[in-house]
Enquirer: 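Next up is a structure, given as structure tokens.
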Amino acid sequence: MLRAHVMLAPRAAPGAALLPRGPRPSPRRRRADLVPRGADGGERRGARYGLADLVALSVASTVGSGVFSLAGRVASQEAGPAVVLSLGIGAMGCLLSATAYAELASRVVAAGSVYAYAQATGLGRSAMAVAALCLIVEYSWSCAAVSVDWSGKLLRADFGLPFLQVLDPAVLLVLFCTGLLINGTKASRLFTNVSTVAKVGLILFLIATALMAFDAKNLQPFIPEEYGISGILRGAIDSFFGFLGFDAVCALALDTKDARRVVPNALFLGLFVSGGLTCLAGFALVSAVPASRLDPAAGFVSAFEILGNDFAAAVVTVGELLVLPVVAFGCLLPLGRLLCCLAEDGFLPAPLARRDASDEPLLATLLGGAATAICAGLVPFEDLNDICSAAVLSCFILASVSAVVSRQEGALQEQLRGLLAVFVPCTFFCLLLLSPRWTTDTALAPMLVRQLGGGVGGRRRRSDQSA
Ligand SMILES: NC(=[NH2+])NCCC[C@H](N)C(=O)O
């Protein structure tokens, strides 16, 4: 049985006017909180996360391939020095979605992110199910994608570790993250904060080193003729993935002190830090060497090799391997909380709602970690990446729809809810069925079967693909 997890806004009287009569409500008026039922609308006892922790988590789960892979690839293949504009547009797109998340996070204190927002605004069970599915895919598959990417880099660095011939590093990384989560908030918070500081330090190092080789000639022409505006826009689409992950903080609302104020602030602050660092890194990269000479697969490493700075190239190679695991961790952290929330609402078996003595969703975390490890071990990088991006976009759209619905009142809100309750799931399933992924030979089910038979050979091929 579905148990309502949040209190829904009051329903309008039947036959009420489409728009409320009388003076229009002031847009500046503070909107009512949507209160989770049974949790008196606030955080849990012993809420442990503060603004600094959430900003660290946001930066931890967002900054990654945008700096280390995408900036170089977009600069060398799509936009030249105008990669800065591509990155800026990608960041702007995420910032717009972040406003919807922030508005909802200031009214709903729940662990389910978009799922809880769809529920609180009364979009109905089908829209909630779509939101839950997209979030599970987003968290789990993006963790798997980041782990597979990291594993490819580790295998290429070839440290001569014999056990990596037998055990898939991507699976090991997911299991490591799951272990950390099971260990409790203290270990997770320490790992996130230390890794974030190290990551920011590494990025500042590579920005400073690249800027020391600044040459204005490298920025001319700023928009190469062969790429033009369309290249910049293509680059913006590609760099979008580099800014995803900022919404992880929404899943920690119940664990946060003064969540209605802190979570929205963390969303914006985290995105400003991540977006600022990524755009600055893109600028430093193309101002240090001509974009056309960059190796699309090796970004900063190739730039430092061209400059003859082998020390900086080695620091980036090793540093990247050390700081990327926290991106995978940041994707996995919200998954257990979401599964637990779904179990509380009756969408998943009740035992998954159980929490341990320190209030952590132990079983849900274990299940999420195990399923993600299987994905990381079996599914090719391209499939993970594409499906994950589609899921994230669906979540962004749902967050925006929820924000718009939550602003309406009375009969108009009712009508919008009714319309969207049908429209959202229908559109989602039409898109899913029409997706070429299900109709070509790369369809998911046969591909999983192929991979199951592929063994270690398949793993090696995947690592090469992620290069
Ligand atoms: N929740 C997510 N979609 N996480 C994916 C984060 C990926 C991260 N922005 C990176 O560039 O590596």
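In listed order, ligands and their atoms are each counted from 1. These figures come from a predicted structure and were not determined experimentally.
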Enquirer: Taking 4.0 Å as the limit for heavy-atom contacts, which would you say applies to Ser61 with ligand 1: side chain only, backbone only, both, or neither?
Expert: backbone
Enquirer: Give me the nearest non-hydrogen protein atom to atom 12 (O) of ligand 1 as residue plus atom name, then the distance to 0.1 Å.
Expert: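 Result: Ser65 N, 3.1 Å.
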Enquirer: Could you go through the side chain to side chain contact (heavy atoms under 4.5 Å, CB included) check for Ser402 and Leu123 one step at a time?
Expert: CA-CA 8 Å; Ser402 302; Leu123 289 191; 3.7 Å; yes
Enquirer: Have a look at ligand 1 and work out which part of Val327, if any, has a heavy atom under 4.0 Å from it: side chain, backbone, both or neither.
Expert: side chain
Enquirer: Please examine the side chains of Leu57 and Thr196, heavy atoms only from C-beta on, and report whether any two atoms are closer than 4.5 Å.
Expert: no
Enquirer: Show which atoms of ligand 1 fall inside a sub-4.0 Å distance from at least one heavy-atom site of Cys331.
Expert: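 Every atom of ligand 1 under 4.0 Å from some heavy atom of Cys331: 4 (N), 5 (C).
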Enquirer: So, is Leu244 polar-close to ligand 1, with some N/O to N/O distance under 3.5 Å?
Expert: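 In this structure, Leu244 places an N or O atom under 3.5 Å from an N or O of ligand 1.
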Enquirer: In terms of residue, atom name and distance, what is the protein heavy atom nearest to atom 7 (C) of ligand 1?
Expert: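 The protein heavy atom lying closest is Phe241 CE2, 3.7 Å.
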Enquirer: Looking at atom 3 (N) of ligand 1, what's its closest protein heavy atom, distance included?
Expert: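 The protein heavy atom lying closest is Glu138 OE2, 3.4 Å.
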Enquirer: Give me the ring orientation class for Phe283 and Phe214: parallel if the planes are under 30° apart, tilted from 30 to 60°, perpendicular past 60°.
Expert: tilted
Enquirer: Does Lys199 pair with Glu320 as a salt bridge, N-O distance under 4.0 Å?
Expert: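 Not counted as a salt bridge, because no side-chain N and carboxylate O are separated by less than 4.0 Å.
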Enquirer: Do the ring planes of Phe246 and Phe396 sit parallel (below 30°), tilted (30 to 60°) or perpendicular (above 60°)?
Expert: tilted
Enquirer: Answer yes or no: is there a side-chain heavy-atom contact under 4.5 Å between Asp247 and Glu138?
Expert: yes
Enquirer: Which atoms of ligand 1 sit under 4.0 Å from any heavy atom of Gly245?
Expert: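 The list of qualifying atoms is 1 (N), 2 (C), 4 (N).
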Enquirer: Nearest to atom 5 (C) of ligand 1, what protein heavy atom do you find, and at what distance?
Expert: Ser142 CB, 3.7 Å
Enquirer: For Gly66, counting its heavy atoms only, list the atoms of ligand 1 lying under 4.0 Å from any of them.
Expert: 11 (O)
Enquirer: Start with the C-alpha gap between Glu360 and Ile182, add the side-chain angles, then the distance that decides, and say whether side chain to side chain contact (heavy atoms under 4.5 Å, CB included) holds.
Expert: CA-CA 8 Å; Glu360 292 293 322; Ile182 288 171; over 6 Å; no
Enquirer: Which protein non-hydrogen atom lies closest to atom 9 (N) of ligand 1, naming both residue and atom, and how far is it?
Expert: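 Result: Thr62 O, 2.7 Å.
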Enquirer: When you check the side-chain N and O atoms of Asp238 and Gln77, is any donor under 3.5 Å from an acceptor?
Expert: no
